[in-house]
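Worksheet: one structure, shown below.
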2 protein chains.
Amino acid sequence: MPPDPERPVSGRSTARRQRAARPSSGTYTVRDIAAMAGVSSVTVSRYFNEPQRVSEAARARIARVVEQTSYVPNQAARFLATNQGGVVGAVMQNVTSATFADMVRGMSDMAERNGLQLLLANSNFSRDSEGRALRTFAGWHPRALVLTRSDHSPETDALLSRLRVPIVEAWEFHAGRPFHQVGFCQLTVGRMLARHFIGQGAARIRFVLNGAVEDGRATRRSEGYAQAMVEAGLAPDVWRAGAADDVGAAREAIAAIAALAPAERPRAAIFANDSMAITAILSAPALGIGVPAGLAIAGFGDTPLSAVTTPALTTVRPDAYAIGSRALAIVVAALQGGTPGGGPQAVEVPCALVERESSRLC
Amino acid sequence: MPPDPERPVSGRSTARRQRAARPSSGTYTVRDIAAMAGVSSVTVSRYFNEPQRVSEAARARIARVVEQTSYVPNQAARFLATNQGGVVGAVMQNVTSATFADMVRGMSDMAERNGLQLLLANSNFSRDSEGRALRTFAGWHPRALVLTRSDHSPETDALLSRLRVPIVEAWEFHAGRPFHQVGFCQLTVGRMLARHFIGQGAARIRFVLNGAVEDGRATRRSEGYAQAMVEAGLAPDVWRAGAADDVGAAREAIAAIAALAPAERPRAAIFANDSMAITAILSAPALGIGVPAGLAIAGFGDTPLSAVTTPALTTVRPDAYAIGSRALAIVVAALQGGTPGGGPQAVEVPCALVERESSRLC
DNA sequence: TTGTATGCGTTATCAT
DNA sequence: ATGATAACGCATACAA
């Protein structure tokens with residue numbers, strides 16, 4: 001039974017107390033455990049942190065008391081005394097998506113294995129929110145931070161530089177950043193998709209972007225595609241729709257292809273994302289284009305829907321769990337050894353090509 | 001720029017120091033800020049906690065220094081001093097599912113609004129894991145705990161009773177538990193589905209369970225269904241498959257219905273969950289049963305797939321965001337006012353009936 | 001309104 | 001192997 005909160009068991013010698021007692025936590029403290037086990041509080045502390053330095057006998061007695069009381073050392077006090085808190089803060093852009101949830105699981109699995117406590121915040125894709133979350137985290141003096149974007153607000157950048165802890169930007173891989181990077185590379189994704197079609201013998205392969213010019217990610221995938229085409233001696237064909245929304249853009253793209261003479265049509269189309277690709281699959285038949293016989297199609301992202309269309313969609317899936325887990329692995333390494341080489345680490349986590357029917361050329 | 005960690009700026013008057021200095025955090029402390037602003041540390045403390053008690057002039061000077069230094073009070077020290085930490089621990093069964101992710105968002109939104117920090121752990125549906133997470137949380141002296149199951153291990157129950165903090169069991173609603181309850185009620189779900197068909201004029205309505213007898217949740221939904229049937233003067237028809245897996249059980253159920261003379265067949269079937277219902281939709285046509293013309297179908301859970309089958313599946317969706325947000329609302333209320341009535345609160349969060357084509361009778 | 005002294009629960013340091 | 005003591009950064013009671 002916990003000590004009576006009204007009359008705290010803990011507290012130093014009550015002699016010479018001139019002030020009113022402060023509210024005690026109502027739970028056991030090292031001193032309580034020490035008293036019950038007939039040792040001093042230091043010995044109890046050692047029992048948890050350097051057990052080998054405590055005698056067998058004392059260890060047994062303390063173990064019994066700890067068992068009886070469900071005593072757990074107060075982490076706040078521990079942190080204050082050691083300056084070695086076990087907290088890692090992570091700011092996710094969207095906790096709700098299944099993909100990011102996988103990443104969270106990757107992080108928390110690795111965190112748990114290394115005795116770290118993960119502090120999570122959701123930024124809802126907003127930079128302001130990210131900044132607020134970081135300010136909150138700062139109060140906990142995290143030993144490291146994991147962020148899922150790399151374009152921060154100026155205030156956030158200032159705070160980050162002040163914190164002096166390892167910082168990992170995880171999800172997309174960017175070169176030349178001052179922080180550790182873990183994630184997939186958009187260029188590689190584009191190349192992977194292009195080669196998938198090139199390897200099947202296609203020559204006319206189109207990359208379809210929507211009209212949202214500011215989406216640099218999709219544009220970088222198209223650049224990877226273009227590189228692979230050039231390497232294979234083929235002509236890149238990046239086609240940008242006028243419509244900024246995925247559905248409108250995809251319909252536009254299919255209509256444009258249908259308008260070409262059959263001999264002029266691309267044999268395959270890589271869409272900037274799954275929702276465009278799925279729209280294309282659904283709307284192509286009505287315009288007389290069979291998928292994949294008339295036009296092979298691939299997307300990006302592996303949304304749940306992509307597995308159930310007819311034909312099912314070939315797409316690329318970032319390995320969210322691996323990204324989360326590697327991000328925390330970097331944190332652990334940084335905390336243990338410091339950065340050996342000096343600069344920030346860069347880990348590219350490969351995406352999986354999910355091959356389904358929509359991209360089958362033969 | 002933060003103080004040089006080699007020669008800590010903070011630290012009390014260095015006079016009469018007999019011991020070596022302890023490693024300081026390398027960041028600013030109240031005393032640093034106080035010195036820079038030309039006030040005492042108490043004033044800085046008050047600036048954060050009771051600003052109205054600090055003079056305009058001092059407030060302005062402190063504000064400027066705080067701005068320059070990006071100073072954030074150390075939460076661990078604050079907690080130690082006040083015994084009023086702002087941490088709430090939540091143990092989720094499965095962070096990866098989109099539904100639970102919604103619940104996390106509900107909790108973290110409400111937590112942020114009330115200055116609470118959410119500590120998350122994933123139990124992967126394991127009671128052991130739940131216990132470990134709770135032991136970790138205990139070290140942080142959370143002000144409240146949110147759990148997503150109510151059948152804990154004995155050790156966990158012992159720990160929970162020791163912690164003496166508000167505990168909320170969120171997700172499913174159970175009566176008679178010693179802790180606060182937030183969630184949906186399985187009985188209500190069963191009733192809602194039965195009434196959906198009764199209201200359309202159906203008389204022969206079957207509830208289909210799989211062979212996994214230990215799944216009490218589905219069984220309770222069937223009990224709600226039975227209640228509604230009896231209330232409407234109809235005969236309950238709970239049918240249990242032999243197969244324990246969803247796909248096998250659903251196929252069995254459809255075959256059993258197909259084997260009946262058309263006049264004997266149920267007009268509608270409520271399946272214990274979406275994956276059974278979807279399997280039924282996919283396999284019924286092959287046995288000559290049209291959906292919904294020959295057999296109307298409904299499920300439970302609103303998995304992503306349920307929106308894309310043909311016909312799309314009518315189902316029931318727990319409001320995960322609301323459950324998360326209400327759970328934290330209870331926490332906030334408990335922290336502010338204590339429990340007014342005395343006993344634990346019970347909040348039933350209604351589910352949404354997602355009406356799609358599969359259940360249309362006319 | 002502002003400052004001084006003290007304690008929160010733990011660990012680091014020094015002494016035995 | 002064990003213990004006494006100070007210190008971590010902050011907030012509170014009390015004094016001015």
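By convention in this document, chain letters (A, B, ...) are assigned in the order of the sequence lines, proteins followed by strands, and residues within each chain are numbered from 1.
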Could you list the residues that satisfy side-chain hydrogen bond (donor to acceptor under 3.5 Å, both in side chains) with B:Arg61, not counting sequence neighbours?
none
How bent is the helix from C:dT1-D:dA16 to C:dT16-D:dA1, measuring the angle between the end axes built from five pairs each, rounded to 10°?
30°
Side-chain N or O of A:Tyr71 versus OP1/OP2 of C:dG9: is the shortest distance under 4.0 Å?
no
My understanding is that only residues two or more places apart in sequence, or in another chain, count here; which of them pass side-chain hydrogen bond (donor to acceptor under 3.5 Å, both in side chains) with B:Glu130?
B:His152
Rounded off to whole Å, could you give me the CG-to-C1' distance for the A:Asn74 and C:dG9 pair?
6 Å
Taking only residues two or more places apart in sequence, or in another chain, which ones meet A:Glu56 in a side-chain hydrogen bond (donor to acceptor under 3.5 Å, both in side chains)?
A:Arg59
If the plane angle is over 60° it's perpendicular, under 30° parallel, otherwise tilted; pick one for B:Phe100 and B:Trp171.
tilted
D:dC10 phosphate, OP1 or OP2: any side-chain N/O from B:Tyr28 under 4.0 angstrom?
no
Nearest whole angstrom, please: distance from the C1' of C:dA12 to the CZ of A:Phe79.
16 Å
Tell me every residue that passes salt bridge (Lys or Arg N to Asp or Glu O under 4.0 Å) with A:Arg53, counting only those two or more places apart in sequence or in another chain.
A:Glu50
Any luck finding a side-chain donor-acceptor pair between B:Ser70 and A:Arg162 under 3.5 Å?
yes
Has A:Asp32 got a side-chain atom pairing as donor or acceptor with A:Thr29's backbone, closer than 3.5 angstrom?
yes
Check the distance between C:dT6's P and B:Leu80's CG and give it to me in whole angstrom.
18 Å
Nearest heavy-atom neighbours spanning A:Ser129 and A:Ser126:
N-OG, 2.8 Å
What is the distance, rounded to the nearest whole Å, between atom CZ of B:Arg78 and atom P of C:dG9?
18 Å
Short of 4.0 Å, heavy atom to strand atom, which residues of residues 39-66 of chain A count as contacting DNA chain C?
A:Val42, A:Ser45, A:Asn49
From CD of B:Gln75 over to C1' of C:dC8, roughly how many Å is that when rounded to an integer?
15 Å
Just the rounded figure in Å: distance from P of C:dC8 to CG of B:Asn83.
10 Å
Taking all non-hydrogen atoms of both residues, which atom of A:Ser123 and which atom of A:Val91 are closest, and how far apart?
CB-CG1, 3.8 Å
